[in-house]
Amino acid sequence: MADMVREVLVFKDNEAMAEFAIEKWEEISQGAIDERGYFTVALSGGRSPVLLYEKLSAAKELKWDQTHIFMVDERFVPYESDWNNYRMITETLLRRVNIPEVNLHPILTEEVSMQASAEKYEEDLISFFTTLPRFDLIVLGIGMDGHTASLFQGTSAVSEKKRLVVPVPLTGAAMRYERVTMTFPLLNNAENVMFFVNGADKAEFVREVIKDENSSLPAAMVKPKSGKLIFVLDKGVASLLTREQN
Ligand code: 6PG
């Protein structure tokens, strides 16, 4: 197996980051479609990717009928909540494009316990992929405490070795909601992982993840075994990285 390849790219603003990410999405999705007829991608919530999702909805070349969209994680709140990731992704992207319902894979948050939701999502993944999923692309963010997906430092989700999806009960002040999340065995089996991170207030964490490789931060534990790790950053968030990182 080939080693992981890492790339750190810095752009002048969120707009330029989104344009690059869309080009990457086009390239990776076309490759997957040419090879096997469909493209699989897992998306994160948060504020950072909103412009990316909006711009993706207007990208002309994308083959939505051959694209399967999964969720990296979900706050365990009803769809109507402003904090529901799937709602944000639906409003910014999914309802603006012509994608078949069967290609959408939300994490359930209603009429089900958090535990059952995680189990069901894992079953959905296994029935779709039939084996340990190897996503063509996973889009991740980095939170103010160095979390990624819903993998928070000090929670058992971070050390999960077997399950692909787990519930994340409330553990500390940093977590305002219970959540359901993909785990490292799944994230680190991806073909491509793209961190999409902006905002100068996160510069310290981004330095710790990229430059110091501080392995106590969940975001620094993302290392797709034989895949590609791409950091797409704006100038502000990259301000504490040295030039040779770019
Ligand atoms: C979520 C995420 C989470 C997010 C980071 C960054 O659902 O919120 O999956 O890991 O990517 O917290 O969030 P911001 O982009 O809002 O800073």
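One-based numbering, in listed order, for ligands and for the atoms of each. Please read these numbers as outputs of a predicted model, since none were measured by experiment. Worth knowing before you read on, the calculation uses all heavy atoms, side chains too, and leaves out hydrogens, waters and symmetry mates.
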Donor-acceptor under 3.5 Å (Lys235 side chain, Phe11 main chain):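 Not confirmed, Lys235 side chain does not pair with Phe11 backbone.
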Phe135 and Phe70 aromatic ring geometry - parallel, tilted or perpendicular at 30°/60° bounds: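 The rings of Phe70 and Phe135 stand perpendicular, inter-plane angle above 60°.
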ILVMFWY cluster membership beyond Tyr177 - transitive side-chain contacts under 4.5 angstrom: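 Result for Tyr177 is Val77, Trp83.
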Provide, line by line, the atom pairs where ligand 1 and the protein bring an N/O atom each to a distance under 3.5 Å; else say none.
unit_1: ligand 1; atom_1: 7 (O); unit_2: Asp73; atom_2: OD2; d: 3.4
unit_1: ligand 1; atom_1: 7 (O); unit_2: Asn85; atom_2: OD1; d: 3.3
unit_1: ligand 1; atom_1: 7 (O); unit_2: Asn85; atom_2: ND2; d: 2.7
unit_1: ligand 1; atom_1: 8 (O); unit_2: Arg75; atom_2: NH2; d: 2.7
unit_1: ligand 1; atom_1: 9 (O); unit_2: Asp73; atom_2: OD1; d: 2.8
unit_1: ligand 1; atom_1: 9 (O); unit_2: Asp73; atom_2: OD2; d: 3.0
unit_1: ligand 1; atom_1: 10 (O); unit_2: Ala149; atom_2: N; d: 3.2
unit_1: ligand 1; atom_1: 10 (O); unit_2: Ala149; atom_2: O; d: 2.6
unit_1: ligand 1; atom_1: 12 (O); unit_2: His147; atom_2: NE2; d: 2.8
unit_1: ligand 1; atom_1: 15 (O); unit_2: Arg47; atom_2: N; d: 3.2
unit_1: ligand 1; atom_1: 15 (O); unit_2: Ser48; atom_2: N; d: 2.9
unit_1: ligand 1; atom_1: 15 (O); unit_2: Ser48; atom_2: OG; d: 2.4
unit_1: ligand 1; atom_1: 16 (O); unit_2: Arg47; atom_2: N; d: 2.7
unit_1: ligand 1; atom_1: 17 (O); unit_2: Lys202; atom_2: NZ; d: 2.5

Donor-acceptor pair between Arg75 and Asn84 side chains, under 3.5 angstrom: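 Their side chains do not contain a donor-acceptor pair, so the 3.5 Å distance test is not met.
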Between Asn14 and Asp234: side-chain donor-acceptor atoms closer than 3.5 Å: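 Short answer, no.
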Hydrophobic cluster identity match, Ile230 and Val5, side-chain contacts under 4.5 Å: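 Ile230 and Val5: separate clusters.
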